[in-house]
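Notes to accompany the following structure.
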Amino acid sequence: MFGLETPTKSSSFSSPAAQQLTPGALSRGKRRRQDKGQDRYIPSRSTTDLEYGHHMLTSNMCETPRKRPPPSETLSNGGGGRCLFSGSKRHRPSAPTLLSFNPSKRKLDFSEIECGNAKVPKVAPKLKEEAAHKILDGPGAAKNFYYNLVDWGANNIVLLGLKESVYYWDASSSQAFVLPQSLADEGNLVTCVKWKPDATKHIFSTRHGTTKLWDSTVCKMISSHVSPTVYSASWRDENIVTLGRGDGTLLHWDTRTPHTLHTPYSVTSGIICGLQWDPQGDNLAVGCNDNKVQVIKRSCMSSSSGEGETLTMIYQSAVKALAWHPTQRGILATGSGQNDQRLVVWDLAAGSYKNCIDTKSQVTGVLWSPDHSSLLTSHGHFDPNLRVWDLKDNVNTSKLTGHSNMIVSIAMSPINQSVMSLSADESLRLWNVFAKNGQSNRSKQSSLMFSLDKIR
């Protein structure tokens, strides 16, 4: 467990075989007419929700399957929301469609803009490949697009969910500890972990619906409750954490009164797999497996009916990767799943996007660089690597290689120099992708106030 390897050591896990998503083109010329009993049915995988299908096949969950909306050529604008963005009808679309709502004419105005063609340099920069600074064992790491299993706290301790247990990894001493009493019954996998901003408390959730609040300074559980499975979480401030659940509802949990729960707020009928409050705590970005991202104002969530002003972006796949700009209000970066594969930076105040990049792979996570000039993304199917994208020219400048299977979760260090990634290849890798002048994470000491058995 967490055994330290050399970065040059090759992984024992081989890359998954690439699957062809669309049937090959028919050969030119006439084809022989076949008997009726010999016709082949070739499905269109561009309309298949691969993330949800894999999740249901591997999770063994007793959830009611979500209802898929009937196919339609028009987009609804229900609930008073504004529909900002929709992917095209084909797999890996190259052109997003911008939808602007005109209150006076009460109709949608469509205009198509090529994705990523703006500000492209004449000569693409040479792609720089980087290796991990450290490699740790992560046995039993789940291969589930919807899980959020890594968070790096202000105390320089990585919070990690592996199988049925929760671990602390101290980045200052490279020591690992298992959280006592976090061991659950077999099969009750951890689905989500999240530190409080000051890292004095954290929550973690399991597949059977238990969510626990822990005090990390004394290593003691404060409270717990059982609800639909929690897949994502985000702290609005130092007291309130919002939980994204598998039944499409949000639950606000005030940790000052941990035994009292607020009324759930309904958002969708699917799984809420991405969740992030903006730095001001005014707007909540919600990513779902209904292929939408909703931005909900804090003032609109006082009602449990889900009514209120929202901004809605529509994609061709589930959206888990969300990241608000650290300093500029209303700037949101999103990364979508296998059927869409795009990295989009939105200017919500203007009602349009600033950047749109086809990453050519499922996006599982996104982080802003320290100088906010680029984005780091993690990927799943067909490209289990991390990449750095220059937002000035919309180009990939760095590729962080080493993982051989889906990268499930990533987290940034509190001093914004290093990134930790957890992969389904059962390894964790530490990348000093933003470190300068030999600086390391040891400059910020941890604050563990208890002693546990070290995991070997």
Side-chain angles (χ1 to χ4, degrees), residues 1-2 51-66 137-151 158-169 176-196 201-216 219-234 241-251 253 255 258-259 261 264 270-275 289 318 320 364 405-406 408-409 411 422-428 452-453 455:
M1 180 76 68
F2 293 98
E51 286 86 8
Y52 184 73
H54 181 274
H55 165 73
M56 294 305 295
L57 286 172
T58 57
S59 63
N60 272 332
M61 294 178 58
C62 298
E63 289 185 359
T64 302
R66 61 188 177 94
D137 288 332
K143 185 180 180 180
N144 196 309
F145 175 82
Y146 297 122
Y147 289 1
N148 291 274
L149 300 177
V150 176
D151 195 26
V158 177
L159 186 63
L160 172 68
L162 285 177
K163 298 183 70 174
E164 300 93 357
S165 303
V166 177
Y167 299 90
Y168 294 150
W169 183 75
F177 307 90
V178 64
L179 196 64
Q181 302 177 16
S182 69
L183 300 175
D185 51 311
E186 185 177 357
N188 192 15
L189 305 180
V190 177
T191 59
C192 177
V193 297
K194 195 65 177 178
W195 280 110
K196 183 180 176 181
K201 297 180 177 67
H202 67 80
I203 65 99
F204 73 89
S205 302
T206 64
R207 195 172 68 180
H208 292 174
T210 301
T211 301
K212 298 183 179 182
L213 175 66
W214 276 74
D215 187 333
S216 62
C219 194
K220 180 180 179 181
M221 187 183 74
I222 300 174
S223 178
S224 69
H225 71 269
V226 179
S227 70
T229 306
V230 172
Y231 291 89
S232 55
S234 180
V241 59
T242 301
L243 308 176
R245 309 197 293 184
D247 63 348
T249 61
L250 299 172
L251 181 66
W253 194 6
T255 58
H259 301 288
L261 300 178
I271 294 174
I272 299 177
C273 51
L275 203 62
N289 73 333
K320 171 188 174 182
T364 61
N405 210 327
M406 174 193 291
V408 180
S409 300
L422 170 66
S423 169
D425 65 8
E426 299 189 322
S427 73
L428 294 105
L452 300 173
D453 292 335
I455 298 178

Exercise for the section: Please tell me if the side chains of Thr255 and Ile222 come closer than 4.5 Å, counting only heavy atoms from C-beta onward. Expected result: no
Problem - Rounded distance (nearest 0.5 Å) linking atom CD1 of Ile271 with atom OH of Tyr231 - result: 4.5 Å
Problem - Verdict with supporting geometry, Arg245 and Leu251, side chain to side chain contact (heavy atoms under 4.5 Å, CB included) - result: CA-CA 8 Å; Arg245 309 197 293 184; Leu251 181 66; 3.9 Å; yes
Fill in the blank from the handout: Tested for side-chain contact (heavy atoms from CB on, under 4.5 Å) against Phe204, the lone hit among Leu179, Thr210, Asp151 is Leu179
Completion exercise
Residue set satisfying side chain to side chain donor-acceptor pair (under 3.5 Å) with Thr242, at least two apart, ordered chain then number -> His252, Trp277
Practice task
Could you tell me the separation between the CD atom of Glu164 and the CG atom of Leu189, rounded to the nearest 0.5 Å?
Solution key: 5.5 Å
Exercise for the section: Starting from the C-alpha separation in whole Å, work towards a yes-or-no answer on side chain to side chain contact (heavy atoms under 4.5 Å, CB included) for Leu160 and Val193. Expected result: CA-CA 7 Å; Leu160 172 68; Val193 297; over 6 Å; no
Exercise for the section: Taking the side chain as every heavy atom from C-beta outward, state whether Val166 and Val190 have any pair of such atoms under 4.5 Å apart. Expected result: yes
Problem - Where Leu149 and Ala142 come nearest, the two heavy atoms and their spacing - result: CD1-CB, 4.3 Å
Exercise for the section: Please report the closest heavy-atom contact between Gly187 and Arg207, naming both atoms and the distance. Expected result: O-NH2, 2.8 Å
Practice task
Indicate whether the side chain of Thr206 and that of Asn188 have a donor and an acceptor atom separated by less than 3.5 Å.
Solution key: yes
Practice task
Please determine which of Leu159, Leu428, Val158, Val150 meets the side-chain contact (heavy atoms from CB on, under 4.5 Å) test together with Trp169.
Solution key: Val158
Practice task
Hey, could you give me the OG/OH distance between Ser409 and Tyr147, rounded to the nearest 0.5 Å?
Solution key: 11.0 Å
Exercise for the section: Please list, chain by chain and in numerical order, all residues satisfying salt bridge (Lys or Arg N to Asp or Glu O under 4.0 Å) with Lys201, sequence neighbours excluded. Expected result: none
Completion exercise
When every non-hydrogen atom of Lys212 is compared with those of Ser224, the smallest separation belongs to CG-CB, 3.7 Å
Handout entry: All side-chain contact (heavy atoms from CB on, under 4.5 Å) counterparts of Ala233, not counting sequence neighbours
Key = Cys192, Lys194, Ile203, Val241, Leu243
Handout entry: Short side-chain to backbone donor-acceptor contact, Asp247 and Thr249, under 3.5 Å
Key = yes
Exercise for the section: Tell me, please, which residues at least two apart from Trp195 pass ring pair (Phe, Tyr, Trp, His ring centres under 6.0 Å). Expected result: Tyr168, His202
Exercise for the section: Quick one: pull up OG1 in Thr229 and CD1 in Ile272 and give me the separation to the nearest 0.5 Å. Expected result: 12.5 Å
Handout entry: Distance (rounded to the nearest 0.5 Å) between Leu250 CG and Leu275 CG
Key = 6.0 Å
Exercise for the section: Apply the test side chain to side chain contact (heavy atoms under 4.5 Å, CB included) to residues Trp214 and Lys196: give CA-CA distance (whole Å), side-chain angles for both, the deciding distance (0.1 Å), then the verdict. Expected result: CA-CA 10 Å; Trp214 276 74; Lys196 183 180 176 181; over 6 Å; no
Fill in the blank from the handout: Those residues at least two apart in sequence (or on a different chain) that pass side chain to side chain donor-acceptor pair (under 3.5 Å) with Ser205 are Thr211
Practice task
May I ask you to check if Lys320 and Tyr146 form a cation-pi contact, with NZ or CZ under 6.0 angstrom from the six-membered ring centre and within 45° of the axis?
Solution key: no
Practice task
Taking side chain to side chain donor-acceptor pair (under 3.5 Å) as the test, write out the residues that go with Ser234, two or more places apart.
Solution key: none
Exercise for the section: Give, for atom CE of Met406 and atom CG of Asn144, the distance between the pair rounded to the nearest 0.5 Å. Expected result: 7.5 Å
Exercise for the section: For Trp253 and Ser223, run side chain to side chain contact (heavy atoms under 4.5 Å, CB included): C-alpha distance rounded to whole Å, both residues' side-chain angles, the deciding distance at 0.1 Å, then the answer. Expected result: CA-CA 11 Å; Trp253 194 6; Ser223 178; 3.9 Å; yes
